[in-house]
Amino acid sequence: MSVTLHAQIDKMEPPFWYAGMKNTELQILFYGKDISESQVTVSNGIKITNVQRTENPNYIFVTIDTKKVPASDFLITFKNKNKETFTQKYSLKQRRENAAQRKSFDSSDVMYLLMPDRFANGNTNNDSENSTQEKFNRDLPGGRHGGDIEGIIKNLDYISSLGATTIWSTPLCEDNDAKFSYHTYGQSDVYKIDPRYGTNADYARLASEMHKRDMKLVMDYVINHWGIEHWMIKDLPTKDWINQFEKYTQTNHKRTVIHDINAAEIDKKVAIDGWFVPSMPDLNLKNPLTLNYLIQNAIWWIEFADLDGFRVDTYNYSDPAGIATWTKSITDEYPNFNIVGEVWMQNQAQMAYWQKDSKIAAIQNYNSYLPSVMDFTLYEATTKAFNEDDAGWDKGLMKFYDNFANDFLYPNPNNILIFAENHDTNRINETYGKDIRKYKMAMTILATVRGIPQLYYGSEIGMAGNKDKGDADIRQDFPGGWNGDPNNAFTKEGRSVAQNDYFDFTAKLFNWRKSKTAIHTGKMTHYIPENNVYVYFRYNNDETVMVVINNSNETKTIKTDRFKENIKNFKSGKDVISELTFDVTNEIKIEAKSVLILELK
């Protein structure tokens, strides 16, 4: 993508737009020296509905009505007090067929989370760029390692072979911080892919290549903050474009204040308006200009790159009314578009508060309009349960039972993202001491309970990492993603025996899941764990799956008469992994630290 700007215009955002949007109002930001002094007109009979100037003379916001305007180019003319006139071409592009009705990720999908800088280096020519401060240094754990969009594209077949249908990549827009820019959460230009990852066209090509494979692309959208190097932060349109205090104030991270009826107003302000870190200015969604800019930016990326969903970073750190407006504006344009928010809370009622149409939030007359949230309580249960051999009332597998007992709190429990780890946590194989038996039990939970499973790159080959050693330890390079790597885990031949053990189990499990509607949308009945054995069923009118997890250190024989309400007249069950058939009419024997996933017949 390239936009040629007149000398008096340094920035124009959005750089182009699309004809036929449901919301026909388009607000275009123009940035240039003293541009606000200009009078503005538009060709082709297009109506200007508003021209907004701010205290900064280098900005002007021009709103036009695109209703009934076909895909076309037109001219925007600027005439200043000195009678100097210049024009800028602007384009409304044709949308893809059925763009508004695009499908999104849902509970039939499996999401693969990767960090592009650490996944694979497909194009060594963009490892360092003149326009960005931080250069390639793979020897530095927290440096830029050279992974890029081309590396993802070249390994799409690997990801697909794992059973994953959707990719969530951590942010790809430019992050021009001098250090630790590889995570890309401190963005410096939200209309531009970081050149060390590739180009905007490369990102659109990634989506296209994925769609050829019937895969979906989810963008990690950061609405709460930008990076300190963002071009607009260096010359703010308005002082209140970002949240500012008399002196630097960091968020208290206590997002419970949002729904706490006893919370002090100052605590609410610091939680919502405080900065995440000094290098990430906090965006003020109470400012209509800021909010509209972010709405349009999100919609622009959906149209430009043909996206299939958003994961929204630090969702409930933003102004609640503002983030709800942003979310609803997107789903109004795209009714089937799924958005999952990072709502890192330790209580299911507090997480359920943020899902669309929550009856809990309705008590306070609030609706986030957010279709999906991340299931952090299930994550917490998973990190503890399989390391607890004690079968106590709140130990081991009882943690899962208690977690799912609260599903009634969610407006839509099928549409929540479930995971055992991500880029901010210890790797699950670290937590489990690289015990593959525990890994298999955790993956079985993710593959067979309600929700949308998310895998974290590399765990499927046994990668481990400890956050206490620094973020780089949980974000290591995928082996084989770089020329010369001694171990290429992208291929069966390149993987070690242990890596193939992890991969083969994961791939068999999640490829099986692809066609199982009873898992995607069926009902669940679970039974109180006994002796650290947990039994539950997923079922619909066409199929019934019985899951047995033995977290104890002993082989167990379980009597099946207790489960008659779900076993009914079924006589046998074929295990998904071993493909062995088990008689379910009387009892089932299951080995220590193992699982059975039985398709009942």
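Everything quoted here is computed from the prediction, not taken from an experiment.
- A cation-pi arrangement is absent between Lys216 and Phe105 under the rule of less than 6.0 angstrom and at most 45 degrees off the ring axis.
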One pair to check against side-chain hydrogen bond (donor to acceptor under 3.5 Å, both in side chains): Tyr502 and Ser459. What are the steps and the verdict? CA-CA 8 Å; Tyr502 277 93; Ser459 289; over 6 Å; no
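- Ile261 is listed as a side-chain neighbour of Gln364, based on a closest heavy-atom distance under 4.5 Å.
- Among all heavy-atom pairs drawn from Gln355 and Pro371, the shortest one is NE2-O, 2.9 Å.
- At least one side-chain heavy atom of Tyr203 sits under 4.5 Å from a side-chain heavy atom of Leu217.
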Return a table of donor-acceptor pairs under 3.5 angstrom between the side chains of residues 524-531 and protein atoms on other chains or two or more places apart.
residue : atom : partner : partner atom : Å
Thr525  : OG1  : Tyr539  : OH           : 2.8
His526  : ND1  : Tyr534  : OH           : 2.7
Tyr527  : OH   : Asn566  : OD1          : 2.5

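- Counting only distance, with no hydrogens or angles, the side chain of Trp354 and the backbone of Gly341 share no donor-acceptor pair below 3.5 Å.
- Counting heavy-atom neighbours within 6.0 Å of Lys564 NZ, excluding the residue itself, gives a total above 12.
- Aromatic ring centres of Tyr439 and Phe386: separated by at least 6.0 Å.
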Show your reasoning for whether side-chain contact (heavy atoms from CB on, under 4.5 Å) applies to Ile272 and Ser318. CA-CA 5 Å; Ile272 296 168; Ser318 296; 5.8 Å; no
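- In this structure, Phe276 has its ring center under 6.0 Å from that of Tyr317.
- With hydrogens and angles ignored, the 3.5 Å screen pairs a side-chain donor or acceptor of Thr251 with a backbone N or O of Ala271.
- Counting only heavy atoms from C-beta outward, the side chains of Tyr221 and Pro171 never approach each other to under 4.5 Å.
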Can Val218 and Ile167 be said to form a side-chain contact (heavy atoms from CB on, under 4.5 Å), step by step? CA-CA 6 Å; Val218 171; Ile167 293 176; over 6 Å; no
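- Contact of the Asp157 side chain with the Arg213 side chain is registered, since non-hydrogen atoms from C-beta on lie closer than 4.5 Å.
- Put simply, the side chain of Met345 does not reach to within 4.5 Å of the side chain of Val373, judged on heavy atoms.
- Applying the salt bridge (Lys or Arg N to Asp or Glu O under 4.0 Å) test to residues at least two apart or on different chains, the pairs with a partner in residues 416-431 are Asp424-Arg475.
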Leu455 and Leu162: CA distance, side-chain angles, deciding distance, side-chain contact (heavy atoms from CB on, under 4.5 Å) verdict: CA-CA 10 Å; Leu455 311 178; Leu162 188 62; 4.1 Å; yes
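- Heavy-atom neighbours of Lys254 NZ from other residues, nucleotides or ligands within 6.0 Å: at or below the threshold of 12.
- Gln296 places a side-chain N or O within 3.5 Å of a backbone atom of Gln27 that can act as its donor or acceptor partner.
- Contact check for Val110 versus Arg513: side-chain heavy atoms found under the 4.5 Å cut-off.
- A donor-acceptor distance shorter than 3.5 angstrom exists from the side chain of Trp301 to the backbone of Val190, with no hydrogens or angles considered.
- Applying the salt bridge (Lys or Arg N to Asp or Glu O under 4.0 Å) criterion to Asp435, with sequence neighbours excluded, gives Arg437.
- Using modelled atom types, no side-chain atom of Asn98 and backbone atom of Gln101 make a donor-acceptor pair closer than 3.5 Å.
- In this structure, the side chain of Asp575 does not engage the main chain of Leu598 through any donor-acceptor pair within 3.5 Å.
- Heavy-atom contacts from other residues, nucleotides or ligands closer than 6.0 Å to NZ of Lys574 number 12 or fewer.
- Looking at every heavy atom in both residues, Val584 comes nearest to Gly573 through CG1-N, 4.0 Å.
- The stretch residues 441-461 participates, sequence neighbours left out, in these salt bridge (Lys or Arg N to Asp or Glu O under 4.0 Å) pairs: Asp375-Arg450, Asp407-Arg450.
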Trace of the ring pair (Phe, Tyr, Trp, His ring centres under 6.0 Å) decision for Tyr112 with Trp168: CA-CA 6 Å; Tyr112 190 78; Trp168 155 26; over 10 Å; no
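- The stretch residues 335-352 participates, sequence neighbours left out, in these salt bridge (Lys or Arg N to Asp or Glu O under 4.0 Å) pairs: Arg311-Glu342.
- At distances below 3.5 Å, not a single donor-acceptor pair connects side-chain atoms of Thr184 with backbone N or O atoms of Asp175.
- Between Glu599 and Lys516 there is a salt bridge, since at least one side-chain N of the basic residue sits less than 4.0 Å from a carboxylate O of the acidic one.
- Looking only at distances, a side-chain donor or acceptor of Asn252 sits under 3.5 Å from a matching main-chain atom of Asp267.
- When every heavy atom of Thr425 is checked against every heavy atom of Ile474, the shortest pair comes out as O-CD1, 3.2 Å.
- Closest approach of Ala447 and Phe510 over heavy atoms only: CB-CE2, 3.6 Å.
- When side chains are defined from C-beta on, Phe400 counts as touching Thr382, because their heavy atoms get closer than 4.5 Å.
- Atom NZ of Lys399 has more than 12 heavy atoms from other residues, nucleotides or ligands within 6.0 Å.
- A salt bridge is absent between Lys384 and Glu388; no separation between the charged side-chain nitrogens and carboxylate oxygens falls under 4.0 Å.
- Here the closest heavy-atom approach between residue Tyr366 and residue Ala324 is recorded as OH-CB, 3.8 Å.
- Put simply, the side chain of Ile461 reaches to within 4.5 Å of the side chain of Phe478, judged on heavy atoms.
- Put simply, the side chain of Arg538 gets close to the backbone of Val449: a donor and an acceptor are under 3.5 Å apart.
- For the side-chain contact (heavy atoms from CB on, under 4.5 Å) test with Phe310, the passing option among Thr327, Ile302, Ile223, Leu370 is Ile302; the others fail.
- Put simply, the side chain of Arg102 never gets that close to the backbone of Phe337: no donor and acceptor are under 3.5 Å apart.
- Partner Lys593 forms a side chain to side chain donor-acceptor pair (under 3.5 Å) with one of Asn551, Asn532, Asn550 and no other, that one being Asn551.
- Between Lys508 and Glu579 there is a salt bridge, since at least one side-chain N of the basic residue sits less than 4.0 Å from a carboxylate O of the acidic one.
- Of all heavy-atom pairs spanning Met351 and Met374, the tightest one is SD-O, 3.5 Å.
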Decide yes or no on side-chain hydrogen bond (donor to acceptor under 3.5 Å, both in side chains) for Lys356 and Asn367, but give the supporting numbers first. CA-CA 6 Å; Lys356 179 183 177 182; Asn367 193 339; over 6 Å; no
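- When only modelled atom types and interatomic distance are considered, Asn336 and Ser104 share no side-chain donor-acceptor pair under 3.5 Å.
- For residues 281-301, the pairs satisfying salt bridge (Lys or Arg N to Asp or Glu O under 4.0 Å) are Asp273-Lys286, with sequence neighbours left out.
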